[in-house]
Amino acid sequence: MLPPCCLGTQHPPTARTHLRLDEPCCFACGWFSERWNRATLQASWQRANLERAHIIPSSLGGPDDAGNLLLLCRPCHEESPDWIDPEQMARWIAAREERPSREVETFMAWLAAAERAPDFKDALASVVSEEGATERVSQLLQGLLGQAGTHFGIGFSQGTRVAVLQTAANQLTRHLQEASYEAE
């Protein structure tokens, strides 16, 4: 779901798709983060993790003035055309697929990691009925994330997410085995 700053994608190829300035978002795909919301509009834009991009690159003679600049998320900036004709940038933006918010992307990445760590789903299913299981699993995951490294500019990699979930599965399984052993 797009924030209020984003107008949708049904426009002529020369129109920018996400151009209202009442909330920060990528001008091409609409990507945003709920974490950018601040007390003032200026503070929200200052917090936004968007990159200044040239419509006509400065290497091709494009000026550094507001009429030749737009704000893009990193993936859009990396994939945008470096071309002298501004019409090509407009066409590229008009055809750009929308992205969900940063938080939705992160959630989807954790779901994908859980698919690659089936032991976690099994371990979680076996402890979910225990009293206080939600808080215990949450604390376990937070503790494991505190031990994990991050990639600069990326955060937790998909491999790190899988490793965290697999380690959590191992610890949950060990806890169940110890509880079962003590009950005998």
Side-chain angles (χ1 to χ4, degrees), residues 1-117 141-142 144-146 148-165:
M1 184 168 112
L2 292 175
C5 75
C6 303
L7 302 174
T9 58
Q10 302 300 319
H11 0 77
T14 57
R16 293 187 188 148
T17 58
H18 307 284
L19 195 50
R20 284 184 39 205
L21 302 178
D22 56 343
E23 282 190 25
C25 70
C26 175
F27 287 13
C29 72
W31 181 79
F32 68 102
S33 173
E34 285 87 1
R35 293 181 184 172
W36 298 347
N37 291 335
R38 294 291 183 254
T40 66
L41 184 59
Q42 180 180 2
S44 293
W45 276 100
Q46 288 172 340
R47 176 74 170 128
N49 190 19
L50 297 169
E51 299 178 359
R52 185 181 72 155
H54 289 83
I55 297 169
I56 299 172
S58 55
S59 64
L60 297 175
D64 282 336
D65 62 32
N68 190 44
L69 297 172
L70 42 85
L71 295 171
L72 300 177
C73 63
R74 180 171 294 225
C76 284
H77 195 189
E78 289 175 354
E79 295 176 24
S80 65
D82 291 322
W83 197 248
I84 196 157
D85 181 3
E87 179 71 18
Q88 295 305 316
M89 177 67 85
R91 288 181 182 280
W92 177 82
I93 289 172
R96 192 81 176 145
E97 287 190 28
E98 293 176 350
R99 286 176 59 198
S101 73
R102 178 181 186 172
E103 290 70 19
V104 170
E105 285 182 332
T106 299
F107 179 75
M108 298 302 290
W110 278 103
L111 286 179
E115 289 298 318
R116 295 180 51 203
L141 291 173
Q142 287 175 3
L144 293 172
L145 285 172
T150 59
H151 288 282
F152 178 75
I154 296 173
F156 295 115
S157 70
Q158 200 62 355
T160 300
R161 288 184 182 102
V162 172
V164 164
L165 294 177

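Both backbone and side-chain heavy atoms feed into the values below; hydrogens, waters and symmetry mates do not.
Scanning both residues, Ala112 and Gln158, for their nearest heavy atoms gives CB-NE2, 3.4 Å. Between Leu71 and Trp45, the shortest heavy-atom contact is CD1-CZ3, 3.2 Å. Heavy atoms only, all atoms of each residue included: Cys73 and Leu50 are closest at N-CD2, 3.8 Å.
Every side chain to side chain donor-acceptor pair (under 3.5 Å) that Glu105 has, sequence neighbours left out, goes to Trp31, Arg99. With sequence neighbours left out, Thr160 forms a side chain to side chain donor-acceptor pair (under 3.5 Å) with Ser157. Listed by chain and number, the residues in a side chain to side chain contact (heavy atoms under 4.5 Å, CB included) with Glu115 are Lys121 (sequence neighbours excluded). In terms of the side chain to side chain donor-acceptor pair (under 3.5 Å) criterion, residue partners of Glu51 (sequence neighbours excluded) are, by chain and number, Arg74, His77. Residues satisfying the side chain to side chain contact (heavy atoms under 4.5 Å, CB included) criterion with Leu141, sequence neighbours excluded, are Phe120, Val137, Val164, Leu165, Ala168. Checked against side chain to side chain donor-acceptor pair (under 3.5 Å), Ser44 has no partners two or more places apart in sequence or in another chain.
Atom OG of Ser101 is separated from atom CZ of Phe107 by 11.5 Å, given to the nearest 0.5 angstrom. Atom CG in Leu72 sits 8.0 Å away from atom SG in Cys29 (nearest 0.5 Å). Between the CZ atom of Arg161 and the CG atom of Leu111 there is a distance of 10.5 Å, given to the nearest 0.5 Å. Expressed to the nearest 0.5 Å, how far CG of Leu70 lies from SG of Cys76 amounts to 10.0 Å. Atom CZ of Arg102 is separated from atom SG of Cys25 by 15.0 Å, given to the nearest 0.5 angstrom.
Contact check for Trp92 versus Glu79: side-chain heavy atoms found under the 4.5 Å cut-off.
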Task: CA sep, side-chain torsions, deciding dist, call: Ser33, Glu103, side-chain contact (heavy atoms from CB on, under 4.5 Å) - done: CA-CA 7 Å; Ser33 173; Glu103 290 70 19; 2.7 Å; yes

Open item on the list: Set out, in order, the CA-CA distance, both residues' side-chain angles and the distance that settles side-chain contact (heavy atoms from CB on, under 4.5 Å) for Gln46 and Arg38, then state yes or no.
Closed with: CA-CA 9 Å; Gln46 288 172 340; Arg38 294 291 183 254; over 6 Å; no

Side chains of residues 53-64: which donor-acceptor partners sit under 3.5 Å, not counting sequence neighbours?
residue : atom : partner : partner atom : Å
His54   : NE2  : Asp64   : OD1          : 2.4

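Enclosure of atom CD in Glu34 by more than 12 non-hydrogen atoms of other residues, nucleotides or ligands within 6.0 angstrom is indicated.
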